[in-house]
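The chain is numbered in sequence order, starting from 1. On a predicted model such as this, the values are computed, not experimentally measured, just so you know.
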Amino acid sequence: MRTLGQADIDRLRRSHRNLMISLALSLPVIAVLTVAIIMAGISFPLFGPLLGVGIGWLLLIPQRRLLDELGLTSKEAKEILKANR
């Protein structure tokens, strides 16, 4: 496992926390939009999954940038975060 300095570990921890906050705030918005789309009678068998994938991809952009900058895979980042709890 790769070792990081304390500053990089703090950045990784902060990025992970921001990702979880973004996810927690996005899920209710997605639920409301889904209900609104259903109530409007719009069929979205293809649109729904694409919307979910698109939102997930957008939420992960900052995390991916940091992992690329630190030269880590997501598995390595999870191991580092787990070891530093």
Determine which pairs satisfy side chain to side chain donor-acceptor pair (under 3.5 Å) with at least one residue from residues 52-68, sequence neighbours left out, and list them in order. Ser15-Gln63
Using distance only, find each side-chain donor-acceptor pair of residues 21-36 under 3.5 Å and give its atom names and separation, not counting sequence neighbours.
unit_1: Ser22; atom_1: OG; unit_2: Asn18; atom_2: O; d: 3.0
unit_1: Ser26; atom_1: OG; unit_2: Ser22; atom_2: O; d: 2.7
unit_1: Thr34; atom_1: OG1; unit_2: Ile30; atom_2: O; d: 2.7

Looking at CG of Leu12 and CG of Asn84, how far apart are the two atoms once the value is rounded to the nearest 0.5 Å? 8.5 Å
Side chain to side chain contact (heavy atoms under 4.5 Å, CB included) against Lys75, all qualifying residues, sequence neighbours excluded: Thr73, Glu79
Kindly state each residue pair satisfying salt bridge (charged side-chain N to carboxylate O under 4.0 Å, His left out) with at least one member in residues 13-27, sequence neighbours excluded. Asp10-Arg13
So, taking the atom named CG in Asp8 and the one named CD1 in Ile80, what distance separates them when rounded to the nearest 0.5 Å? 9.0 Å
With sequence neighbours excluded, residues passing side chain to side chain contact (heavy atoms under 4.5 Å, CB included) with Ile37: Ile42, Phe44, Phe47
In the single-linkage hydrophobic clustering (I, L, V, M, F, W, Y; side-chain heavy atoms under 4.5 Å), do Ile55 and Ile38 co-cluster? yes
